[in-house]
Structures are given as structure tokens and as C-alpha cells.
Number of protein chains: 2
Amino acid sequence: MAVTIRDVARASGVHVSTVSRTFSAPHLVNADTRNRVLAVAEQLGYRPNRAARGLTTGRTHNLGLIVADIANPFFPPLIKAAQAHARARDYHVFVADTDEDPRVEEELIQAFTKQVDGVLLCAPRLGDRALARLRRQVPFVLVNRRLDGVPAVLMDVGHGARLAVEHLAGLGHRRLALLSGPEGSWNSGRIREAAADAAAAAGAELTVIGPNSPTEQGGQIAAPEVARAAVTGVLAYNDLVAIGLVEGLAELGVRVPADLSVVGVDDIMQARLNRPKLTTVAMPTIAAGRTAVDMLLQLVGTDEPGPAALTVLETTLVVRESTAAPVEGRAARLSSREVT
Amino acid sequence: MAVTIRDVARASGVHVSTVSRTFSAPHLVNADTRNRVLAVAEQLGYRPNRAARGLTTGRTHNLGLIVADIANPFFPPLIKAAQAHARARDYHVFVADTDEDPRVEEELIQAFTKQVDGVLLCAPRLGDRALARLRRQVPFVLVNRRLDGVPAVLMDVGHGARLAVEHLAGLGHRRLALLSGPEGSWNSGRIREAAADAAAAAGAELTVIGPNSPTEQGGQIAAPEVARAAVTGVLAYNDLVAIGLVEGLAELGVRVPADLSVVGVDDIMQARLNRPKLTTVAMPTIAAGRTAVDMLLQLVGTDEPGPAALTVLETTLVVRESTAAPVEGRAARLSSREVT
DNA sequence: CTGAAAGCGCTAACAT
DNA sequence: ATGTTAGCGCTTTCAG
């Protein structure tokens, strides 16, 4: 085994408890002794064993971070921000991926219990009831999901969806479609509600198509149905779906934005790369990651003062090239076209 | 505190060691007792404390995974694969991001010591000497980096670079540039060597431009220099750089592939989305993530038989739209053009 | 300010 | 097959 507190104690001629204090309560030990201990520790290459410490203190100084899909470009910036922020506060973070499966999600939360001081649940797919139950096992904060009494950071995607629909309506679109997200997604619900409201207010008709897998493939698969729906504007659950939709549409000979306007949600890097560049709702992922860590640390009893138990972050609409004014009679023309 | 092994023991009328055995060596305990213990444990909601277990066994069942930048699209698929693979073997993984800073990299490795059974170092930026020293603190396996005596999984990017240069040469390009990567990058060195070899073999001239930040910005910044270099084909350190380069070039009025051919490395999702779709060297990231975990677990003494201490994974060239035959006299025309 | 002693939750010989 | 007894490395009363 490696060098322990005991080795340091022996080598510096003090008792282990003094060494311990040197690291966990330096002010309780005489400056001279402290320096000596520190020097010896340094020289021996001593590093406190966090697990052992956690055993007595009850705090592991570890956090769990659970997302549906690490490879979904929406998450990495959030993970990166959360990880960096946590590290700056001397916390390490376990990252895990549920593969969009609620059961895996539950298993992971269970597995993290006792391993971590708290977990960040990003856009969980689990039901309210399960979440409420799990909550008693381990403290957590939710990202993009609201549940009574549980701290959360929300990116106000409803607002973004409203802006998107108003943008479309402002361009003159009256027949809109919404490509909804996966079953358990809270965001999908918020987008849908807000879009419906905004559409009604603007006197536009909104058809909901879904649920869809939150991937490019999901969008591509939905393309024929969208084409058949005789709409001129579409709001997709996220950018990946939007990008897939544009691709699928292209294969059907439907051009964006000439024949159909498409807006996404997330503003992932790909949105800017896509041709046409995607009009989309930008999400403050970095701020969300940081804030979530702050809230979690506050929740698990760190002294650091933190934000309130519910933080709502604003979203904005980024208008790019995938939206344009509809052309007269387009809807009719589209609906009568032969589509598989 | 939550429910411990002791609570289970009391409630099921056996000694703690029996409970312990029920979980860590089930075959050593009578089926009836085992079932009873299991039932009680289940009912009480008992979950073993891995940290406590680790204290006595010396194995934490945790892995560390260190990358230069979580938000670089090259890494998420690798992280995802490694995490999933590790979890299937009952290992949790700490993910950390160095922000391309070797000092942070070193700090992280230090911090993970004792916290994990081993660490996966993906494309480390640390020097050989530092790596060799650190290696004595914690077992690790390298991804895309070779160091004597240290297990590694390599994606044969040299081969890919060679294919790329041959592809360019085959198209008729004779004046090539290489946008190299960041200082500490082993991959960048391999690409450079292989590209130089292949260029020489094909009778082409190769200008090295760099080092460059491994980001879109890095490519964009290099664009003027590339334009000035009077080359007709470019191999970039990675897709991000290639994409940034294409953008930067566009701003200077240089079109890809009409005026200049560009090849990237990595085949990230963005490569396909970019216009023109990027010709690039595809990396087997998922296999790499899995293999690295296997090697690491083998290294730290799991019984599972694993692959050898050095695994080289093949890369391939994906030809898309960013490369084409050069047009007569283009190099001269480009070099004489006014470029800032 | 520092030492002594107990114990965190669990495993690992060693007995029985 | 199960109980006993020591710790693992560290923190935390409690004395002094």
C-alpha cells in the first residue's frame, strides 16, 4: 500500500491526529508543526485517501452526473462546465449515460447512492413517482425537469418555443407542425404547451407529430409525415431532430427554407454547420451546468451560499437560414405531392 | 446514516460476516441463509458501501477517464463507450477535462490516485518524463499515445494520414500543407511523419503550418497562411481544424474543393454536416474506448483475459466532397492573390 | 495545541 | 457454513 497518514506521523514525530488536523483543520495546529508535517508529507508524496475520509465524515466529495446520452452534442458542454466547476470546489464527478432508458437511469441512481454526496439528473426520463422515491436515497438536483420540492435548474425552453412560433407566424406561416421528443422528456412537454399557446395566439394551426427519437434519425424518419402534413413551418424537439428532418426532406425533394421552414432547439455546434444554418433556440448549457453544481453543493450542506432552489435560465431565438416566409399556395402544393 | 451491513445482520439473525459474504462471496454461504439475508437486505434497502469495501480490499471499482476537452466532439463517443463498458463490469468512471493544459492533466492524475483503480489517459499532453513518473502513482493506459512499457490503444492515424496524402496525390496535388496540432499531441507527430513520408513517396511537397489549436478557431486562424502558402491540398490535424479552415478560406474567397482540397481527421459527426462534406480519416473511437477499459481492467488485476498491452486499431479514409483534382495553374494564381 | 482512543462500513483470515 | 477478531486510512471526541 501507499503512504498513509501514519507514515507521515512517524516521519515527522507527531501523532496521526495531528497529521489529520494538518489537512482537515489546519488552524487547529501550531504553524511550526504544521509546516513540518506538510514538508514531510510532501516529501513522502502523501495524498489523503478520500474514501477513508468519507467513511468517517460521511461526505465523499464526489458527485454523480447522469445524462441520457453523452454523445448527444447538447450534453458535453454541460458536462464540461459541471465537471470544471465541481473540481474547482474539490469535488470529483462520476459521469454516466442511460442510453435513454429509464430503467438504466434508475439503476444508475441506485448505484451512485453512497458513492456520491449528490447527483445531477439531466433531463431524466424517469416518471415523477420514481423520482420522488429515489430522492429519499440520495440528494439530487434536476436539470430541465420540474418536480415538486426538488431543486432544479430549468432552461426556459417554453419561452424559446414561443419565440420560435412567433417568429414563424411573423414570417407568415399559418400551418405549423411540432416534432415532439421522447416520452419521458419534460422539455418536450414544455415545448409543446408553449408552442400550442403561441400558435393559438397567432391564429396558426399546430399539428403535433411524435414522439420522436431525439436523434438525427428520429428527424429523418419523421420527414415523410411532415411532408404529408401540409404545413409550412416546423418546430423540432431539438437540433438533431431538425437536422435529420432537413436531410429527410431533401431526399423527398422538399427544400428548406424554400418549401418549408424548420427551427430547432438547443443551438448545438452542428446547428451552425448545417446547411441551411439552423434557426434555433439557444440553451444556456454552461450556466446550467455550473448552477446545478452550485445548487447541489448547497443542498448537500456545503456552506457556500448558493442560488435559490429553483433557477430558471433564459433561452433566446437565434435566427439563421432555415426559416423564411412561406410562398403562396405552398401548403396545398405540398399536400398534394406524392410522398411515400 | 443509512442502512449498513450491521442492520441487515441484526434483522436477519446472522453475523455481519455472513452478510458480507452473501454479497462478496455468495458461494460460501448456505443457500437458505443467503436468501434470507438477501430478502432482508432488499427489504431494508441495503446497498453496500463501495468506499468502505475499497478500504479493505484495496480496489475501489472506480476508473478515471481524462481527456483534453469533453466538448471536442471527438471524445464523447469514446467516453460513452468506455463508461458503458466499465459499468457492465461494475466499474464507475470519473470523467475529467484538462482544458488542454498539461498541468491540469497532472493535477488530475494526482487527484485520482487512490480514488480509482486505474486511469484512462486519452491523448495526454504531458511529456514522456512526467508520464513515466506519474505512472508509478497509479496504473494507467494510454489512448493515442505511445510510451515505452505503458499499455496503450492506438488508432493508427499515421496510416490514415498516409491514405489522405495518397488520395490527394492521386488526385494530382503536388503542393500540400499540413496543419499540425497542439504541442504535446502525439497524434500530431504521427500524422506529420506519415504525411511527410507519403508526400515524399508521391513526389509532392509538404509544408507544415502550426502548431494550431485543435479547434475550429485554430483552423480559421490558419486560413490566411494556408492561402498564402500556394498549396492546393491540405491535411488538417482534425476535423474541427479542417472545418474552421474551410470557413476561414471562404471568407478569403477561396472555395473548397474548387480552389483547394481539404482533408480532416477524426470523422466526427460534424464532418458529414459540413458543406462541403468533409473528406476525413475515420477513427474507431468506440472500439478504442472499450478496448482501453478492457486493458485497464486487465492491468489492475481483474481476472478477465484481455487483449495485449498494445492494441493498434485501424483507421480508414472516408472520401466525401472536400477534395477534388486541382486545376491547372491554381497554385500560382492563389499565391499571387492579395490575402491579409 | 497535541495525544489517546474509538469507530466509520466493510472484508479477511482464523476459529469453530 | 458461520461466528470472531482485526484492521483498512482517516476523523473526531475527549483528555491533558
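Numbered from 1 within each chain, the chains take letters A, B, ... in sequence-line order. Just so it is clear, the model here is predicted, and its values are computed rather than measured.
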Taking the side chain as everything from C-beta on, heavy atoms only, tell me whether Val138(A) gets closer than 4.5 Å to Leu134(A). no
Where along nucleotides 11-16 of chain C does protein come under 4.0 Å, by heavy atom, of base (B) or sugar-phosphate alone (S), with - for untouched nucleotides? BBB---
Take the protein atom CZ of Arg36(A) and the nucleotide atom C1' of dT2(C), then report the distance between them rounded to whole Å. 11 Å
Nearest-Å distance, CG (Asn49(B)) to C1' (dG9(C))? 6 Å
For Arg34(A) and dC1(C), what is the distance between atoms CZ and P respectively, to the nearest whole Å? 9 Å
Can you find a heavy atom in the side chain of Gln115(B) that is under 4.5 Å from one in the side chain of Thr60(B)? no
Expressed as a whole number of angstroms, how long is the span from Leu55(A):CG to dG9(C):P? 7 Å
Side chain proximity check, Leu65(B) to Ile79(B), heavy atoms < 4.5 angstrom: yes
Whole-Å distance, His61(B) NE2 to dC10(C) P, equals 15 Å
What's the CZ-C1' distance between Arg50(B) and dG9(D), to the nearest Å? 19 Å
Taking Arg47(B) for its side chain and Gln110(A) for its backbone only, find out whether a donor-acceptor pair lies under 3.5 Å. yes
Rounded to whole Å, how long is the line connecting atom CZ of Arg10(B) with atom C1' of dG9(C)? 13 Å
Below 4.0 angstrom, N of the basic side chain to O of the carboxylate: do Glu100(B) and Arg125(B) qualify? yes
If you check the Thr18(A) side chain, which of dG3(C), dA1(D), dC8(C) turns out closest? dG3(C)
Go nucleotide by nucleotide along DNA chain D from the 5' end; which of Gly13(B) and Lys114(B) gets its closest nucleotide reached first? Gly13(B)
dC8(D) OP1/OP2 closer than 4.0 Å to side-chain N/O of Arg6(A): yes
For the residue pair Phe94(B) and His92(A), categorise the inter-ring angle as parallel (less than 30°), tilted (30 to 60°) or perpendicular (more than 60°). perpendicular
What do you reckon, is CZ of Arg146(B) surrounded by more than 12 foreign heavy atoms closer than 6.0 Å? yes
Tell me: CG of Leu44(B) to C1' of dG9(C), nearest whole Å? 15 Å
